[in-house]
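Each remark here refers to the structure printed beneath this line.
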There are 2 protein chains.
Amino acid sequence: MDQVDRILAQWHQERPDLDVTPMGMFGRFGRLRSVLMSGLDDIFRAHGLSAASFDVLATLRRSGPPYALSPSDLIAWTMVTSGTMTNRLDKLEQAGLVSREKNPEDGRGFVIALTQKGRDLIDAAVTDHVANQHRLAEGLTGDEQAQLDGLLRKWLAAVEGQAK
Amino acid sequence: MDQVDRILAQWHQERPDLDVTPMGMFGRFGRLRSVLMSGLDDIFRAHGLSAASFDVLATLRRSGPPYALSPSDLIAWTMVTSGTMTNRLDKLEQAGLVSREKNPEDGRGFVIALTQKGRDLIDAAVTDHVANQHRLAEGLTGDEQAQLDGLLRKWLAAVEGQAK
DNA sequence: AAAATTTATCTTGACGTCAAGATTTATCGA
DNA sequence: TCGATAAATCTTGACGTCAAGATAAATTTT
């Protein structure tokens, strides 16, 4: 009986007309998300990054040489709005982790590239981040992790389809 | 092969030294969270609420008569900081959905209570919200939902334990 | 070519959140 | 009873996010 169970018990008492069965799953999903995010943040902060800046640097890094993408590409990968990306890039450029130069082939656009400093930082941060994910996942066995991943994959495909 | 799989493939290519197995689960978890939140928001917005205000009103409602709690109680249930709660209560009070009166038994504290308007609103909103959760969960069978809930429960218990 | 449309990016304004610190009131120990 | 400590709440300042709208350049139409 965890906190989410107590919430469900209250609803059962106060609104017995409602079938709140799925609410437990949603509730635990939300709480877990918040605990996991804070666990991941520890490592980001240790490298002077936030989840937001890590996200951008990691996207550039894993895109491979020359570690450069347009803001539009970054927006597509990270699924944030253009305003959010502008903000993130302002911060990263100011920190000297990325460069932002006019795209010679398209006057409307820019090219965002990892600086050497950005490259070094994200390589170290990713190494720690992956180790951290392994640590956080330890609460489940390998089989359970695979099972969970399968369920998340199926659910994600279902709701993404119906969303659009 | 979804978007998360593509990210993993990039890491495999660029950083073959890393075992990114858990990253898929974390990635899908995050994307799913964002899709689900936006699906839930639709209903909140239809009632003129945000996830934040719904959260507070629902906590008061399910606490049962007299539908009143202290800010501290609300903070404990919703797991937000005191500053956040003050903000939420300001908005809700201004909208006439809750009242905020000095606690006669403790000069330091207040009592937050649902107004009749707040009570009516949250009862209608919760009904729709629960139906919406059922709809969003349809992508999984009943068995799968139970399985997922079990895994989330186990994982949550594990990471909550290690967090503190 | 000139006009209309589309694309790429940035700006602005409003939210919601948190951390840290301030204020006020209770409570406890000497 | 008085000073110290604890508790409850609010204030302030900094983030990160989004929606909507503004610019500017490329592309498509006419």
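Order of the sequence lines fixes the chain letters, A, B, ..., with proteins taken first and strands second; residue numbering starts at 1 for each chain.
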(request) Look up atom CG in A/Leu89 and atom OG in A/Ser99, then write down how far apart they are to the nearest 0.5 Å. (result)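 Going from the CG atom of A/Leu89 to the OG atom of A/Ser99 covers 10.5 Å.
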(message) What's the separation between atom CG in A/Leu57 and atom CD1 in A/Ile112, rounded to the nearest 0.5 Å?
(response)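 These two atoms lie 11.5 Å from each other.
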(message) Can you see whether B/Thr21 engages B/Asp19 through a side-chain donor-acceptor pair at a distance of less than 3.5 angstrom?
(response)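 B/Asp19 and B/Thr21 do have a side-chain donor-acceptor pair below 3.5 Å.
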(request) Report yes or no: do A/Glu138 and A/His134 form a side-chain donor-acceptor pair below 3.5 Å? (result)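 No.
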Protein-nucleotides 2-8 of chain D N/O pairs closer than 3.5 Å?
| from | atom 1 | to | atom 2 | distance (Å) |
| --- | --- | --- | --- | --- |
| D/dA7 | O4' | B/Arg108 | NH1 | 3.2 |

(request) Take B/Arg100 and A/Met79, find for each the nucleotide of DNA chain D with the closest heavy atom, and name the residue whose nucleotide sits nearer the 5' end. (result)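 Result of the comparison: B/Arg100.
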(message) Using heavy-atom distances to pick each residue's nearest nucleotide on DNA chain D, tell me which of A/Ala52 and A/Lys102 is more 5'.
(response)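 Closest to the 5' end, via its nearest nucleotide, is A/Ala52.
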(message) Whether A/Arg31 and A/Asp2 form a salt bridge (side-chain N of Lys/Arg under 4.0 Å from carboxylate O of Asp/Glu) is what I want to check.
(response)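 Salt bridge flag = no for A/Arg31 with A/Asp2.
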(message) Is there a side-chain contact between B/Trp155 and B/Met25 in this structure, where contact means two heavy atoms from C-beta onward sitting under 4.5 Å apart?
(response)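 Of all side-chain heavy-atom pairs linking B/Met25 with B/Trp155, at least one is under 4.5 Å.
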(request) Please test B/Asp73 against B/Ser70 for side chain to side chain donor-acceptor pair (under 3.5 Å), starting from the C-alpha separation and ending with a verdict. (result) CA-CA 5 Å; B/Asp73 292 336; B/Ser70 67; 3.2 Å; yes
(request) Quick one: do A/Asp90 and A/Gln94 satisfy side chain to side chain donor-acceptor pair (under 3.5 Å)? Show the steps, please. (result) CA-CA 6 Å; A/Asp90 287 348; A/Gln94 201 173 335; over 6 Å; no
(message) Need two values: the first and the last nucleotide of DNA chain C, 5' to 3', having an atom under 4.0 Å from any heavy-atom of chain A.
(response)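 Here the contact window of chain A covers C/dT7 to C/dT11.
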(request) Give the rounded distance in Å between these two atoms: CG of B/Leu89 and C1' of D/dT9. (result)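 Value for this atom pair: 10 Å.
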